[in-house]
Each structure stands twice: as structure tokens, then as C-alpha cells.
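Remarks on the structure that follows.
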Amino acid sequence: MTPLIAHPNKKLSGDIKVPGDKSISHRALMIGALAVGQTRIEGLLEGEDVLATAAALKSLGVDIAMESGTGVWRVSGRGISGLCEPDTVLDMGNSGTAARLLMGVLAGHPFTATLSGDRSLQSRPMDRVIKPLAQMGAVFRTRSGGRLPLSVEGLAQPLPVEYELPVASAQVKSAILLAGLAAPGTTRVVEPKPSRDHTELMLSHFGAELEIEDLPGGGRAISLRGQPELVAQDVVVPGDVSSAAFPLVAALLNPGSRIMITGVGVNPLRSGLIQTLIEMGGDISLENQRREAGELVADLVVKASSLHGIDVPASRAPSMIDEYPILAVAAACAQGTTRLEGLSELRVKESDRLAGMARGLQASGVQIEEGEDFLHVHGTGGAPAGGATIATELDHRMAMSFLVLGGLTAAPITIDDGSPIETSFPGFIKLMNGLGCKIEETHP
Ligand code: S3P
């Protein structure tokens with residue numbers, strides 16, 4: 001446990017880069033491992049979640065190396081269905097994305113592998129991925145309730161399926177598509193609302209054939225032709241918008257601040273938070289927009305602003321699902337009420353984020369109403385009281401959100417454990433303090 005305290009800070013300023021996108025980093029490693037030839041990855045997130053994916057792929061026979069000094073990673077792909085049976089349990093750490101996407105990859109391999117993870121990951125539902133992958137022919141044995149540890153026995157040629165997702169989930173969609181790579185025929189996934197499309201973009205970048213249809217009612221269908229020849233590529237991973245969210249909100253809310261965050265991925269299916277903060281009155285501009293490995297990238301210029309509460313529609317949730325904790329912090333300091341709807345998925349993230357935000361904000365002097373799938377935050381229009389100690393429950397985004405809040409409250413905020421931040425944002429404290437924050441280790 002690493003307890004941390006965030007003291008109230010003054011204006012923030014500086015130009016920064018945030019670490020590489022976590023979702024894209026997992027995919028670059030996995031798809032690189034299934035391609036033929038050597039994939040070169042620049043900007044890979046070297047956080048614990050992605051390192052868990054790299055370690056698991058190494059246990060599956062993939063040669064992965066980092067060039068010292070340059071930060072460039074090289075993955076020697078083994079081709080589709082080319083991974084080897086592991087002789088150890090694959091430890092996916094804290095990462096739901098690593099576990100669920102790898103289950104898809106393993107469904108297309110004719111051997112048995114066992115996956116485990118930390119206490120948080122062992123409590124998360126896996127049946128949402130098991131159900132479609134079992135239809136494709138993979139066989140699973142799980143702990144009760146469809147939880148990790150679990151074993152998966154895949155097959156060389158899974159059945160191509162058509163599967164309609166009950167909830168918009170990029171992890172489930174991606175698991176099916178990754179299994180579909182080995183299937184002889186077309187795998188089709190229908191999603192009720194578009195979720196992040198990094199898997200589709202990365203697979204296309206490596207030469208797979210995909211057809212995307214927008215459906216009446218706002219859904220989307222993705223068809224993948226099975227058994228393509230994936231060819232190794234160069235990948236540049238953009239900065240993670242979900243990590244950029246923390247300095248971004250901190251700068252918006254500290255009077256007099258101006259920061260620039262360069263090279264941030266602004267894929268429209270990921271950047272719902274930026275749209276929402278602009279609607280709340282935030283002064284954020286996207287400059288120098290360009291495309292890298294199929295992904296839209298921009299430099300974000302953020303200036304302190306007076307925010308006001310708004311109603312955030314449930315339909316926007318898939319495009320900002322990981323950003324609700326930090327959005328709730330912004331809402332807590334805004335003028336008026338912000339209504340966040342359609343949040344049931346937050347209950348099955350690294351922790352129950354809906355309950356955790358409600359508890360932590362209340363303890364910090366913010367009035368809230370929590371429902372099964374909504375959070376209404378009554379903003380203080382200034383500095384909330386603070387002075388709370390927050391249990392982060394192995395959840396990196398809860399940890400970082402409350403450290404940002406501690407910079408804005410009248411009294412400091414303590415978190416019981418900052419170590420989960422390493423899963424997604426190595427260097428967070430140094431980067432935030434470099435902008436003007438005051439976060440340090442403490443002994444509560
Ligand atoms: C992710 C998808 C999202 C998100 C997670 C990363 C991905 O989960 O919360 O942090 O990389 O595909 P769901 O697809 O389960 O909503």
C-alpha cells in the first residue's frame with residue numbers, strides 16, 4: 001500500500017505528453033503476435049496492465065523485446081493460430097482488457113491455458129466473453145460465477161458466428177473478432193451502440209478485411225473475414241485520452257491554468273469526455289489533428305474555465321466509460337447539478353466505481369444522489385470541503401480522480417493506496433507535480 005496525499009494547489013501550467021493508450025497498446029502486442037514478421041511499436045504504454053499482456057504472450061512463445069534507450073518494442077509474430085501451449089498460469093494482473101482479449105486469442109488455439117489475476121480481476125464477470133467464445137467452440141472451466149482463475153481450451157478452427165452483444169463492450173467485441181481470425185468464414189458482431197473501434201482499426205492496419213455497417217437505431221455490425229494473412233507493421237501508439245483526462249480536468253478547474261497535452265488519441269469513440277467538458281463550459285481546443293496507424297491524434301490546449309452542470313445522456317457512455325470518475329470530480333466543482341445516466345457498467349470495472357465515487361464525493365462534502373445506474377452530482381461551484389481519506393480498492397482511476405479532487409478542495413484528500421496508478425499511468429505524480437500539483441506520499 002502506498003498512501004498518498006493531494007494538497008490544494010494553485011494554477012497549473014506546462015506542456016506535457018501522457019503515456020501511450022492502454023487499449024491500443026494491448027492490441028498492438030496481441031495483433032503483432034498473430035501477424036507474420038516483426039512488428040515495431042513506438043509509444044507503447046509501459047504500465048503494469050500492458051506488461052501483463054507482454055508477459056502472457058511471451059509465455060505463449062512470442063519473442064517480444066524492448067530496444068534499450070529508444071523505448072521501441074519489437075514483436076516477432078507467430079501467425080494466426082501460431083502460439084504455443086504455456087507451461088505456467090498466465091497472470092493478467094489487474095487488467096480486464098488483457099484477460100478478455102487474450103481469451104479471444106486463445107479460443108483460436110488448440111491447447112489449454114489457465115488465466116488468473118489480482119483480487120479485483122478475480123471479482124469481475126467473464127461470462128460475457130465466455131458465452132460467445134463457447135458458441136465458437138472453445139471450452140471453459142471457471143471458478144463459480146464465471147470468474148478467474150479459469151482455463152480455456154481453444155481450437156485451431158473456431159466456428160465463425162454471428163453474435164449480438166447485449167451491452168456495448170469493446171472488450172467482448174474484440175475477443176470475438178480475435179477468435180474470428182482463426183475461423184474459416186465470416187464472423188459478425190452486432191453492437192447496440194458503437195464502442196471503441198481500436199481492434200477494427202488495428203486489424204485493418206495489419207491487412208485484415210473488415211466490413212462495418214451502421215445499423216438503423218444507432219447500432220453497428222462488424223464482419224471479419226476469417227484466416228487473413230496478417231502482416232507485421234509499424235505502430236505508433238498515441239497518448240491515452242483516458243490518462244490525459246486527469247491533468248485536463250485539473251487544469252480546467254484551477255483558476256489561471258493553461259496546459260498543452262501533445263499527441264493525444266482523440267478517436268471519436270473515445271473522446272466523449274472532451275465533448276462533455278466543452279458542453280460544461282470548458283475551454284479545450286484540439287490542434288494539429290492528424291492520423292497515426294489509423295487513429296486520430298491531436299494536441300489539446302486546455303485553459304481554466306468556469307464549468308456548469310449539464311445532463312450527460314446515457315447514449316454517450318460507451319465513448320467515455322472510463323472517464324466518469326474524473327467527470328464526477330469536474331461536476332463536483334461545477335456550478336449546478338450534473339446528471340450522469342446509463343452507468344450500470346461502472347459497477348463491474350476495476351471496482352464498483354459508481355458506489356466508490358458516491359462514497360468518496362460525499363465524504364469530501366459534495367452532495368450526490370446515487371441510483372442503480374445513475375449519479376447526480378450537485379456541484380459546489382467552488383472548492384468542496386475535502387479532508388477525506390478514500391479507499392481506492394485496487395482501482396487506478398479512482399486513485400487519480402481523488403488526487404485531482406484533493407488539489408481543488410479546501411482541505412487535502414488522502415488515498416489509502418496509490419500503487420494501482422502504475423497499471424495505466426506510470427509517472428503520474430511526477431507529471432502532475434511538474435504542472436503545479438502537490439501530491440506526495442504520506443503516513444495516514
Ligand atoms: C476497453 C474497453 C472498455 C474499457 C476498458 C478498456 C478496451 O471496457 O472500460 O478500460 O480496451 O477494449 P468494456 O468494453 O468492457 O466496456
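In listed order, ligands and their atoms are each counted from 1.
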Open item on the list: Pairs of nitrogen or oxygen atoms closer than 3.5 Å, one from Ile321 and one from ligand 1: do any exist?
Closed with: no

Open item on the list: Between ligand 1 and Gln171, is the shortest N or O to N or O distance under 3.5 Å?
Closed with: yes

Open item on the list: Does this structure show an ion pair linking Arg347 with Glu370, if we count only N-O contacts that are shorter than 4.0 Å?
Closed with: yes

Task: Residue portion contacting ligand 1 (non-hydrogen atoms closer than 4.0 Å) for Lys173 - done: neither

Task: NZ/NE/NH1/NH2 to OD/OE distance under 4.0 Å, Arg353 and Asp395 - done: yes

Task: Enumerated ligand 1 atoms positioned under 4.0 Å from heavy atoms of Ala170 - done: 12 (O), 14 (O)

Task: Distance-only N or O hit between ligand 1 and Asp322, under 3.5 Å - done: yes

- [ ] Heavy-atom distances under 4.0 Å are what count here, so tell me which part of Arg27 touches ligand 1: side chain, backbone, both or neither.
- [x] side chain

TODO: Measure the distance from atom 11 (O) of ligand 1 to every protein heavy atom, then report the residue, atom name and distance (to 0.1 Å) of the closest one.
DONE: Ser23 OG, 2.7 Å

Task: Salt-bridge contact Asp240-Lys17 (side-chain N to carboxylate O under 4.0 Å) - done: no

Task: Contact summary for Ser364 and Ala388, nearest pair of heavy atoms - done: OG-CB, 3.8 Å

Open item on the list: Do Asp197 and Ile222 make a side-chain contact, defined as non-hydrogen atoms from C-beta onward lying under 4.5 Å apart?
Closed with: no

Open item on the list: Over 60° means perpendicular and under 30° means parallel, so tell me whether Phe428 and Phe246 are parallel, tilted or perpendicular.
Closed with: perpendicular

Task: Which atom of Phe111 lies closest to which atom of Pro86, heavy atoms considered - done: CE1-CD, 3.7 Å

Open item on the list: Could you identify the single nearest non-hydrogen protein atom to atom 6 (C) of ligand 1 and state the distance to 0.1 Å?
Closed with: Thr97 OG1, 3.3 Å

Task: Within reach of ligand 1, part of Lys349 (heavy-atom separation under 4.0 Å) - done: side chain

- [ ] Considering only non-hydrogen protein atoms, determine which one is nearest to atom 15 (O) of ligand 1 and report residue, atom name and distance to 0.1 Å.
- [x] Ser169 OG, 3.2 Å

TODO: Establish, from distance only, whether the side-chain atoms of Thr392 and Asp416 form a donor-acceptor pair under 3.5 Å.
DONE: yes

- [ ] Check whether any N or O atom of Arg397, backbone or side chain, sits under 3.5 Å from an N or O atom of ligand 1, and answer yes or no.
- [x] no

